[in-house]
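First comes the structure, then the notes that go with it.
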Amino acid sequence: MKSTSRRSARPDPARRRLRSNLETLESRQLLSGTPYLASGNYPLSDFPVEQPPGPTPDISIPKPIGSDPKVLATYSNSGKVITGQDRQGNSYKLTLTGPGKIIVTDTTPNDGVLDDDIDTIRVVGTDPKKSSLHGQVSQSTRVPSDYTLLPTLGTVRFNQLVAQRSLKAIVLNGFILTDTITPPGSTSLSPAETSLNQTTGIQIKGTVGTLEFGGIDARFPASFNPVPITISIGEATTPNNVQPNIRIDRIYNTVYDDTAFSSGGSQTIPTGPLTSPTVTLIVNGGIKGLNVVSISQQPNLGSLYPPINNGFLNIPTQLIPTYSAALEYQFPIVGTTGRTAVQAKSINHLKVNGGTTNTTFSKAAQPFQNSLTGLDGVKAAQFGGPTDAIAIDSQGSIGTLKFAKGIGSTIGASSNPIYFGTPAAKYGYPAAGLLGGQIVTEGNIGSLVVAPSNQFLQTSQDPSQIQAGQNGYTTYVNRPGTAIQSSLILAQGSIGKTHIVGDIVNSEIRSGYDYYSGIAGADPVTGASSIGPLLIRGDLVDSVVAASYRSIDGIFGNGNDVAGNGTINGYLIGNVYQTTTGTTPLGNQGSGFYSKQTGSNSKK
């Protein structure tokens with residue numbers, strides 16, 4: 001039969017043949033003749049040899065993980081460093097060294113940032129030997145929206161400072177304690193600040209070695225019903241064993257009726273005097289040093305009143321003058337200067353560089369109540385500016401007293417023509433029938449130095465001497481004015497070296513005099529006392545200098561006097577004048593020196 005299997009397509013030479021041992025190789029014509037893989041395109045080099053990978057790269061930490069530690073310290077610092085700024089852009093930094101923490105809240109506490117005036121600075125967990133709080137203010141670079149804000153540049157206002165425990169020091173440069181904080185361009189408190197006038201002050205429940213801050217801006221507008229500002233150091237039940245050094249740049253103490261001269265107001269000018277303390281510094285112990293630049297009413301009255309133009313007139317800030325002079329009649333010194341009371345057990349060194357008005361130094365809020373209200377002693381007291389309505393009440397001795405610009409204001413109290421034209425608002429306390437100064441001690445006064453409150457130029461009564469030098473130039477000489485006006489300086493013991501330049505008017509300087517016995521109606525003259533060495537370069541006008549001397553009927557030198565064992569030793573380079581109506585603050589009449597022994601008491 002014939003086979004039906006398909007014949008292989010391979011050529012005959014490639015077929016197996018019977019009994020063949022070798023297979024015929026396939027032709028390489030297909031590979032060598034293809035146009036897609038030319039033999040010349042094969043690489044001639046060997047394939048690369050695989051190498052071991054080796055160690056992995058070092059582990060590194062990317063930088064920075066966080067910000068610079070100095071920057072972080074201002075954000076999260078466990079209450080050691082706190083920064084912020086007020087509405088004007090004045091920035092501040094509070095730093096606490098040593099144990100403890102700072103807690104600060106501003107007058108807008110719900111916004112989460114410190115971008116406003118400070119409400120409360122609270123310090124907790126402090127150590128009396130290691131903890132110190134320091135604050136510094138940097139001035140804003142913004143242009144003030146109102147020229148009345150110029151004085152506040154470089155300052156930050158705060159309402160309250162509370163320290164739960166003792167500290168070594170609190171130094172707040174540029175921080176102003178005040179209670180009536182008003183937003184720029186506004187005359188009323190913001191809603192968050194309506195309660196500030198109930199809490200203003202500094203309260204240190206323990207002791208502090210140093211307390212310094214920029215000042216007190218004490219404004220008491222009647223419509224806000226503000227309470228007094230109090231700075232308190234120590235607890236009443238635990239006397240302090242650390243005497244602080246206190247430094248305050250300035251104290252502005254102004255009490256006024258802010259509605260009196262508005263539409264429908266009383267239009268009444270206040271006359272005063274203000275006898276209840278509105279600013280009180282209480283130290284439950286002794287004060288090592290009290291240093292203040294000035295104590296007065298607010299000098300820039302424009303900041304107490306709305307702008308005159310109500311904002312309708314836009315004038316460059318630097319060209320706008322202050323309008324305090326236009327408002328002075330509404331803010332007379334006697335009627336609007338609040339009383340500043342310093343209460344302590346004793347004061348070692350007291351110094352006020354500038355003016356001092358309506359200020360008392362005593363253990364009690366009201367001095368001269370009895371023999372227990374006086375300080376235990378004052379080592380030294382210095383006043384560099386004019387003083388008026390000043391009082392020092394002391395049980396113990398006073399070391400030195402120095403008044404560089406007199407005691408008591410003569411403005412309004414003198415009939416000298418050089419004072420003509422002075423506005424009534426500038427009249428001092430003696431012009432209102434009040435004391436210009438009262439210093440009472442149950443001990444001795446070591447030394448007393450008083451310079452005149454003013455000087456004036458005097459020309460010769462000889463016409464030929466008025467232009468003694470070059471023609472067209474008047475020849476003047478300086479004549480001292482009044483040194484002591486309507487004041488009392490009383491010591492139960494003796495008064496040491498005394499040098500007074502200027503007139504003494506309606507005043508008494510007495511040694512061997514018990515003030516509290518005198519006001520009780522008893523015999524005020526004590527034992528032996530002395531005044532001197534004494535030098536007065538001026539006139540005595542209705543004034544008495546007496547040592548252990550009794551005036552039975554209140555008239556010195558009328559023959560009804562009784563001389564005790566008192567001595568006055570010194571000189572008067574001037575004259576003694578006595579008028580029929582002039583009296584001293586104690587109600588006495590007379591003028592001159594009175595003692596049992598008087599040596600060289602007149603030199604003209």
For this session: Could you give me the CA-CA distance, side-chain angles and deciding distance for Leu290 and Lys351, then say whether side chain to side chain contact (heavy atoms under 4.5 Å, CB included) is met?
Result: CA-CA 6 Å; Leu290 176 59; Lys351 184 178 181 181; over 6 Å; no
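- In this structure, Thr95 and Lys80 have side chains that are not in contact, with every pair of non-hydrogen atoms separated by 4.5 Å or more.
- Between Phe175 and Phe213, the ring center distance fails the sub-6.0 Å criterion.
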Problem set entry | Trace of the salt bridge (Lys or Arg N to Asp or Glu O under 4.0 Å) decision for Asp376 with Lys363 | CA-CA 9 Å; Asp376 287 351; Lys363 280 183 181 179; 2.8 Å; yes
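- With respect to Ile233, the side chain to side chain contact (heavy atoms under 4.5 Å, CB included) criterion is satisfied by exactly one of Ile246, Thr207, Ile282, Asn284: Ile246.
- Inter-residue side-chain proximity for Ser487 and Ser507 is flagged as met; some heavy-atom pair is nearer than 4.5 Å.
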For this session: Under the ring-ring contact (aromatic ring centres under 6.0 Å, His included) rule, what do Tyr92 and Phe158 come out as? Steps first, then yes or no, please.
Result: CA-CA 11 Å; Tyr92 61 87; Phe158 71 103; over 10 Å; no
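- Among Asp86, Asp116, Asp117, the one residue that satisfies the salt bridge (Lys or Arg N to Asp or Glu O under 4.0 Å) test with Arg157 is Asp117.
- A salt bridge is defined here as a Lys NZ or Arg NE, NH1 or NH2 lying under 4.0 Å from an Asp or Glu carboxylate O, and Glu235 with Lys205 fails to meet this definition.
- Using a 4.5 Å heavy-atom threshold, the side chains of Ile121 and Leu94 count as touching.
- Between Lys168 and Ser131, the closest side-chain pair of non-hydrogen atoms is not below 4.5 Å.
- Sorted by first then second residue, the salt bridge (Lys or Arg N to Asp or Glu O under 4.0 Å) pairs that include residues 377-390, not counting sequence neighbours, number zero.
- Note: Tyr256 and Phe331 meet the aromatic proximity criterion, with ring centroids under 6.0 Å apart.
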